[in-house]
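What follows is a set of notes on a single structure, which appears directly below.
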Amino acid sequence: MSSLQPVRGTHDLLPDESRRHRWVEEAAFTAARRYGFGEVSTPIFEFTEVFSRTLGETSDVVTKEMYTFSDRSGESLTLRPEGTAGVARAFISNGLAQSLPLKLFYRGPMFRHERPQKGRLRQFHQVGVELLGVESPLADVEVIALAWRVLSELGLASKVRLEINTLGDAESREAYRNTLTAYLSDFRSALSEDSRNRLDRNPLRILDSKDEGDRRIVENAPLMTESLSPAAREFFQTVTSGLQTLGIPFMVNPRLVRGLDYYCHTAFEFTTTSLGAQGTVLAGGRYDELIAQMGGARTPGIGWAAGVERLSMLVEEPPPLPRPVSVIPMGDDMAAMHVAERLRRAGISVDMGYSGNMKKRMARANKANARFAVICGQEETARRAVTIRDLDGGSQEEVPLDLLEQHLVRLL
RNA sequence: GCGGGUGUAGCUCAGUUGGUUAGAGCGCCAGUUUGUGGUACUGGAUGUCGUCGGUUCGAUCCCGAUCACUCGCCCCA
């Protein structure tokens, strides 16, 4: 084994796996386009502030997971740990408040300095969407419907479960935070060490603690629902009934919380039980205050992101590639290369080996899963013809060189 | 960041209770067939036994460290 290893938590994507990833990404983009989203591509690094100010100073992502470094002019830059902050920044930088509502799709690598596990890498890939400038819960419904569409297209409808919750508006959340903290404080000494910390920093997180003792305490805790303002309650009601209208199965999980500070109202997660500890496959929510927080005009938004690696582990085989034709030279390699080039110009995928006798080249054609072999032998060449061999059936026929392209196009 | 497991050929994995030349299957290469692949048969190559250090006459095996992967926690896609 070589000592040249990739950096911890990073992977080389060889052609087979790359193809799975591509398939996942394309399924997401195709569906997104059908819902009216256009692709946006923002830099994979930003000024550190773009993330530190928006994700929450106490969030794990900011406090211990960012790849932050100084560039040569001393600026603090950070490899993006998620996509929304960069899109929000681009929205402001480009004055896109003029073009609301805005529907954006993105894909690409994200970076988090975490301890790697299955389905959790330091460089991983996400596809995501953001719908900006729509106050109405219609946006929430549409964006979740798109997520459901993507997962369905990938054949994952039966493998995932949609959980949804509301975090309410700012006032509701503030009120809830207070009642929850008041309730939990009585149990402070009974809480797990992690949760005692969370009590001060982010008490909502205690709701989804995996600790047995915590769970018992949380069972009787007051719910967000009880602190919701009438407006927030109605908003959530519209979202859930909308999902019902569209026939999208979901379950309300009043203990579902999101890690990043900028979320409000709708929060949702598609989870699976087949990926070990990394159950979340696609997640998102509403972030009405994010852009204002970054210094832009207040612009509501909602979006989600999905982990490409996680999805590609769940997905069955991607659709097969079109099968190539193999050109087999017999003596004059360059003449055969010329034939290959003609076929490629005609839009046909062509494989051709660089050395070896006919037997070897036929074996290579087979390995390439070629549908036909085009044999360029001396005798045929003298007649300005080639032999086409059907590699599935085994029959072969001679075809005049001039008719080769049209002949093959018809056969394929 | 914390705790457990694992690391032997390109891949999946045996094995050595510390002892001379470390194995299998798949894959790869060659041949049976010098103009014909997929099947079959025959033969072949492959390894710093993750890395560094320690114990020992002797370490792939025991010990320590380190790196990577993996499972769980934290957190998240």
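Just so you know, these numbers come straight off a predicted model, no measurement behind them. These values consider heavy atoms only, across backbone and side chains, with no hydrogens, waters or symmetry-generated copies.
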Anything under 3.5 Å between a protein N or O and an N or O of nucleotides 26-32 of chain B, put it in a table, one pair a line.
unit_1	atom_1	unit_2	atom_2	d
B/rA30	OP1	A/Lys360	NZ	2.4

Query raised in the report: How close or far is atom C1' of B/rC76 from atom NE2 of A/His113, stated in whole angstroms?
Result: 15 Å

Query raised in the report: Taking the P atom of each, how far is B/rU39 from B/rG50, in whole Å?
Result: 34 Å

**Report entry** Spacing of the C1' atoms in B/rC61 and B/rG4 (rounded, Å)
**Finding:** 22 Å

Query raised in the report: Between A/Arg122 and B/rC69, is there a side-chain N or O to OP1/OP2 distance below 4.0 Å?
Result: no

Requested in this report: Determine the Euclidean distance between corresponding P atoms of B/rC62 and B/rU6; express it in Å to zero decimal places.
Outcome: 10 Å

Query raised in the report: Looking only at atom P, what distance separates B/rU51 and B/rG10, rounded to whole Å?
Result: 13 Å

Report task. In whole angstrom, give the distance that lies between atom CG of A/Asp12 and atom C1' of B/rC11. Result -> 16 Å

Report task. Take atom P in B/rG19 and the same atom in B/rU60, then report the distance between them in whole Å. Result -> 11 Å

**Report entry** SB check A/Arg215 A/Glu219 (cutoff 4.0 Å)
**Finding:** no

Requested in this report: Look at all strands and tell whether A/Leu282 reaches a base, only sugar-phosphate, or nothing, counting heavy atoms closer than 4.0 Å.
Outcome: sugar-phosphate

Query raised in the report: Phosphate oxygens OP1/OP2 of B/rA68: is one of them under 4.0 Å from a side-chain N or O of A/Arg8?
Result: yes

Query - Polar side-chain contact A/Asn366-B/rG38 base: donor and acceptor under 3.5 Å - result: no

**Report entry** Minimum-distance nucleotide (side-chain atoms of A/Gln396 versus B/rG35, B/rC67, B/rU36)
**Finding:** B/rU36

Requested in this report: Check if the side chain of A/Arg364 and the base of B/rG37 share a donor-acceptor pair of N or O atoms closer than 3.5 Å.
Outcome: no

Query raised in the report: Can you name the residues that form a salt bridge (Lys or Arg N to Asp or Glu O under 4.0 Å) with A/Glu212, not counting sequence neighbours?
Result: A/Arg216

Query raised in the report: Considering only the P atoms, how many Å lie between B/rG31 and B/rG47, rounded to the nearest integer?
Result: 23 Å

Report summary line: Per nearest nucleotide of RNA chain B, the residue lying toward the 5' end, A/Gly279 or A/Asp390, is A/Asp390

Requested in this report: In whole angstrom, give me the gap between the C1' atoms of B/rC11 and B/rC71.
Outcome: 23 Å

Query raised in the report: Could a donor-acceptor pair under 3.5 angstrom be found where the side chain of A/Glu65 meets the base of B/rG1?
Result: no

Report summary line: Here the distance between atom P of B/rC75 and atom CZ of A/Arg115, to the nearest Å, is 16 Å

Query raised in the report: So which nucleotide from B/rG35, B/rU70, B/rC74 ends up closest to the side chain of A/Lys118?
Result: B/rU70

Query raised in the report: If you check every side-chain atom of A/Ala363, which of B/rG35, B/rG37, B/rA77 has the closest atom?
Result: B/rG37

Report task. Compare the minimum distances between each of B/rC69, B/rG37, B/rG35 and the side chain of A/Thr387, then state the nucleotide with the smallest one. Result -> B/rG35

Query raised in the report: Below 3.5 Å, does any donor atom in the side chain of A/Arg112 face an acceptor in the base of B/rA77, or the other way round?
Result: yes

Report task. Would you kindly check if the NZ (Lys) or CZ (Arg) of A/Arg122 is within the cone defined by 45 degrees around the ring axis of A/Phe124 and under 6.0 Å from the six-membered ring centre? Result -> no

Query - Nearest-Å distance for atom pair CD/C1', residues A/Gln5 and B/rG7 - result: 11 Å

Requested in this report: Quick one: label A/Glu380 by what it contacts on the DNA or RNA (base, sugar-phosphate, nothing), any heavy atom closer than 4.0 Å.
Outcome: base

Query raised in the report: When you check the phosphate oxygens OP1 and OP2 of B/rG72, does a side-chain N or O of A/Gln117 lie under 4.0 Å from one of them?
Result: yes

**Report entry** Distance, C1' atom - from B/rG38 to B/rU33, rounded to whole angstrom
**Finding:** 15 Å

Report task. Give A/Glu114 one of three labels, base, sugar-phosphate or nothing, depending on what nucleic acid heavy atoms sit under 4.0 Å from its own. Result -> base

